[in-house]
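Written below as structure tokens is the structure these notes are about.
Chain naming here is simple, since letters A, B, ... match the order of the sequence lines and numbering starts at 1 in each.
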Amino acid sequence: MHDLLEIEGISASYGRIQALSEVSLRVPEGAIVALLGSNGAGKSTTLNTVSRLVPITRGSIRFAGEPIQAWPSHKVVSSGILQVPEGREVFREMSVRENLDMGAYRRSDAAGIKRDLERVFDYFPKLRERLRQKAGTLSGGEQQMLLIGRALMAGPRLLLLDEPSLGLSPVLVQQIFAIIQRLNKDGLTILLVEQNAAIALGSSSYAYILENGEMALEGPSETLRRDDSVRRTYLGG
Amino acid sequence: MDLQLALIFLQQGIASGLVSGSIYALLALAIVIIFKTSEVPNFAQGEVFMAAGYVALYLFVFQKLPIWIVLPATLVAAFLAMALFRRIVLDQVAKSAKDLVYLVIATLGLSYVLKGLVRRTGFGDTPRSFPALVPTDSVMIGQASVTILDLTILGAALAVMAAFFWMFNYTKMGRAMRAVGMNPKAAQLVGVDLKRCHMTIWGMSGVISAIAALLIAPKILMTADMGSIVMLAFAAAIVGGFSSLPGAIVGGFIIGIVENMVGLFISSRAIVLAPFLAILIVLVIRPQGLFGGKLTIKKV
């Protein structure tokens with residue numbers, strides 16, 4: 001399987017603070033790859049360099065073989081890389097329907113958009129019931145579903161999921177991860193950022209662990225799950 | 001004052017207030033669409049209004065170009081001036097300074113530049129008048145006397161507002177602009193080109209200001225200081241909540257009517273106080289403005 005996303009030795013900084021140094025990772029087409037690490041380790045920054053919200057100072061990012069590190073963020077979206085950000089970044093004052101329409105912002109194929117809307121309802125039937133409701137009034141779980149749905153409306157090839165479990169009840173986390181598995185089976189490649197290492201290692205095939213902006217460890221998720229140091233630091237024993 | 005006279009004053013105050021209010025409403029709208037998306041109060045809005053008036057004056061009176069060229073040329077000039085200011089000056093300032101205050105100061109800079117340019121041309125030395133394109137004959141509405149020009153101003157302003165309302169709510173571009181106002185990061189993540197969106201918004205804000213200038217120019221004497229009218233537009237925006245488009249429009253009409261009422265019922269010398277009185281009353285009763293959302297405390 002070839003690599004859909006290849007991050008090669010990238011560094012990034014906020015002002016004088018070095019956020020990432022020489023980070024490399026690969027996401028093979030069709031895989032779920034997890035990126036783990038504690039708070040502030042640089043996980044979200046890594047996703048934001050791919051989405052071109054944070055510039056890199058060195059290294060390269062390739063998507064389907066093409067270097068994208070000089071692209072504007074909207075071109076990244078057009079090419080099929082969609083980030084599902086953490087922290088309920090919905091358009092709060094817009095209806096659920098308008099949020100989903102915004103997801104298809106860069107598309108103009110009406111038939112395809114309609115098909116994808118039905119697909120979103122298929123994954124998240126609840127959203128169909130809430131179409132006219134303002135996104136800001138949805139529950140935390142529903143907002144997370146809306147965020148994933150919004151990204152699906154763009155017709156993505158690669159989904160960058162940032163902490164999908166954050167602030168959700170265990171039952172909802174199970175539901176969201178079941179959907180993530182389904183999306184992957186239906187052909188989506190996924191780079192998953194999580195603090196919840198147990199569930200992330202359980203649902204991915206390969207994982208990377210960031211510490212203080214540097215890649216500390218990587219390996220097949222199965223192997224990392226049995227690794228003593230990983231168990232101590234990230235799996236609570 | 002007997003009741004009969006008071007009733008006439010009331011009608012006249014509302015009629016005249018709606019006309020001047022429509023100009024304040026347009027300028028307030030121009031200010032608010034920028035504030036909602038850039039979080040910057042554009043202190044050059046009044047000078048953009050003034051400069052657009054002079055562009056029209058120059059093309060129409062001095063170059064004697066036909067009006068069907070003058071009108072679009074003025075609007076295009078206003079659009080380009082504001083869009084390029086956003087793209088070239090503000091993006092550059094934002095790159096080197098993280099604080100929004102620098103952007104605000106840059107807009108003050110633009111206001112001085114525009115005033116200086118108009119002064120340099122010499123057109124601003126003496127007050128000039130722009131010929132009216134519609135008759136200024138009076139008509140009576142109820143017991144209020146207004147001119148055909150007044151009615152044209154009000155009608156045109158309402159049409160412009162309706163057009164922008166439609167654009168913001170029912171077009172893809174308008175929806176993207178609202179998205180940028182609500183959550184710029186999320187807007188970028190669905191593929192909105194932030195720079196282009198900001199340019200378009202600033203350009204449109206320029207066009208709205210230019211329309212206001214074209215509408216009011218025949219009614220006033222044009223000077224390089226005519227941009228100070230923007231104080232009333234800021235008052236209108238504050239009354240409306242500063243981040244609400246309907247609020248800006250309603251605020252504009254309120255300020256216009258209050259101003260005229262104060263002039264008729266109290267004294268023409270008290271007119272300058274009217275907008276501040278309106279702000280004071282509204283902010284005491286509803287600190288978030290008439291159409292402002294819930295009060296939120298921002299951590300700094």
Inset, instruction - Give me the ring orientation class for B/Tyr170 and B/Phe165: parallel if the planes are under 30° apart, tilted from 30 to 60°, perpendicular past 60°. - result: perpendicular
For [Y], is there any backbone N or O sitting under 3.5 Å from a side-chain donor or acceptor partner on [X]?
X	Y	answer
A/Gln195	A/Ser38	no
A/Lys43	A/Val193	no
A/Asp3	A/Glu29	no
A/Ser51	A/Asn48	no

Inset, instruction - Could you have a look at A/Arg92, A/Arg52, A/Met94 and say which one has the most heavy-atom pairs with chain B under 4.5 angstrom? - result: A/Met94
Inset, instruction - Classify the side-chain pair A/Ser95/A/Gln133 by whether it contains a donor and acceptor separated by less than 3.5 Å. - result: no
Heavy-atom distances under 4.5 Å only: say whether [X] touches chain B with side chain, backbone, both or neither.
X	value
A/Arg107	backbone
A/Val90	backbone
A/Ala104	backbone
A/Arg150	side chain

Inset, instruction - Output yes when A/Glu8 and A/Arg58 qualify as a salt bridge under the 4.0 Å nitrogen-oxygen rule, no when they do not. - result: no
Inset, instruction - Mind checking side-chain hydrogen bond (donor to acceptor under 3.5 Å, both in side chains) for A/Ser165 and listing every partner two or more places apart, or none if nothing turns up? - result: A/Glu194
Legend entry - Residues from residues 248-258 of chain B approaching chain A under 4.5 Å (heavy atoms): none
